[in-house]
*Asks:* 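Input: one structure, supplied below.
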Amino acid sequence: MVYSNEEIELTLNFYSIAKVHLDNLNQAIQFKELNDHEKNEYMFYSHIVSKVNYWLKALLPDELEIIALRNFENKTFDLISIHVGYANHSSIVRKYNSIINKVRKLNNEQVY
């Protein structure tokens, strides 16, 4: 499936939430069998987590830091530029956009 940059950003933003729900469902599995709705949720959240984990493995450490700050910690580009030592936020915006493009290309090459 081909994702747009916006879809990649939304998936990255949803990753933290999906991990929490997946952990909760994993705990529920220990105590009971999942119903059909919970099985569908489990498959959905598992897909999101595995997809983002695949993307994250392909990123360099500085790229991971920017993605983590922006998508997992909801930091602004100004705060990210201060954190990583860039002179202004426009440099971080360009770097962030190049990371998203890298992920999009990686995703488009992934075999299903």
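Not measured: the values here are computed from a predicted model.
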*Asks:* If you look at every heavy atom in H83 and L69, which pair is closest and at what distance?
*Replies:*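 Of all heavy-atom pairs spanning H83 and L69, the closest is CD2-CD1, 3.3 Å.
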
*Asks:* Pairing donors with acceptors under 3.5 angstrom, does anything connect the side chains of N107 and Y54?
*Replies:* no

*Asks:* Going only through I, L, V, M, F, W and Y residues with side-chain contacts under 4.5 Å, is there a path from F72 to V49?
*Replies:* yes

*Asks:* Is a donor on one side and an acceptor on the other found under 3.5 Å between the side chain of S46 and the backbone of M43?
*Replies:*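 Side chain of S46 to backbone of M43: no pair is present.
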
*Asks:* Mind listing the closest non-hydrogen atom pair of K95 and I66 along with its distance?
*Replies:*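 Distance-wise, the nearest heavy atoms are CG-CD1, 3.4 Å.
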
*Asks:* Ignoring hydrogens and angles, write down the donor-acceptor pairs under 3.5 Å from the side chains of residues 17-25, residues two or more places apart or on other chains.
*Replies:*
from : atom 1 : to  : atom 2 : distance (Å)
N24  : ND2    : V20 : O      : 3.4

*Asks:* Could you check whether R70 makes a cation-pi contact with F77, meaning its NZ or CZ is under 6.0 Å from the centre of the six-membered ring and within 45° of the ring axis?
*Replies:* yes

*Asks:* Using the ring of each side chain (for Trp, its six-membered ring), is Y45 parallel, tilted or perpendicular to F14, with breaks at 30° and 60°?
*Replies:*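 Geometry flag for F14 against Y45: tilted rings.
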
*Asks:* Once you round to the nearest 0.5 Å, how far does CZ of R104 lie from CG of N5?
*Replies:* 5.0 Å

*Asks:* Minimum heavy-atom separation for D78 to H89, with atom names?
*Replies:*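 Closest heavy-atom pair between D78 and H89: OD1-CB, 3.1 Å.
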
*Asks:* Could you pull out the closest heavy-atom pair between L64 and L56, with the gap in Å?
*Replies:*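 Closest approach of L64 to L56, heavy atoms only: CD2-O, 3.6 Å.
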
*Asks:* Just by distance, no angles: are the side chains of N97 and R94 close enough, under 3.5 Å, to form a donor-acceptor pair?
*Replies:*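 There is no such pair (donor and acceptor under 3.5 Å, judged by atom type) between the side chains of N97 and R94.
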
*Asks:* Looking just at side-chain N and O atoms, do S90 and N88 make a donor-acceptor pair shorter than 3.5 Å?
*Replies:*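 Indeed, the side chains of S90 and N88 share at least one donor-acceptor pair under 3.5 Å.
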
*Asks:* Decide whether E9 and Y96 meet the rule of one side-chain donor and one side-chain acceptor closer than 3.5 Å.
*Replies:*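 A pair is found: one side chain offers a donor N or O, the other an acceptor, under 3.5 Å apart.
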
*Asks:* Does any non-hydrogen side-chain atom of Y42 lie less than 4.5 Å from one of I29?
*Replies:*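 I29 reaches Y42 side chain to side chain.
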
*Asks:* Start with the C-alpha distance between Y15 and N53, add both sets of side-chain angles, then the distance that settles side chain to side chain contact (heavy atoms under 4.5 Å, CB included), and finish with yes or no.
*Replies:* CA-CA 9 Å; Y15 176 72; N53 284 339; 2.5 Å; yes

*Asks:* Is there a side-chain contact between W55 and I67 (heavy atoms, below 4.5 Å)?
*Replies:* no

*Asks:* What distance do K51 atom NZ and T11 atom OG1 have between them, rounded to the nearest 0.5 Å?
*Replies:* 8.5 Å

*Asks:* Distance from N71 atom CG to N13 atom CG, nearest 0.5 Å?
*Replies:*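 Going from the CG atom of N71 to the CG atom of N13 covers 4.5 Å.
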
*Asks:* So if you build clusters from Ile, Leu, Val, Met, Phe, Trp, Tyr with side-chain heavy-atom gaps below 4.5 Å, do L79 and Y86 land together?
*Replies:*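 Hydrophobic grouping puts L79 apart from Y86.
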
*Asks:* Just how far is it from atom CG of L10 to atom OG of S4, taken to the nearest 0.5 Å?
*Replies:* 8.0 Å

*Asks:* Rounded to the nearest 0.5 Å, how far does CG of L59 lie from CD of E65?
*Replies:* 12.5 Å

*Asks:* Heavy-atom distance under 4.5 Å between the side chains of L12 and E7, does that happen here?
*Replies:* no

*Asks:* What distance separates E63 CD from I99 CD1, expressed to the nearest 0.5 Å?
*Replies:* 5.0 Å

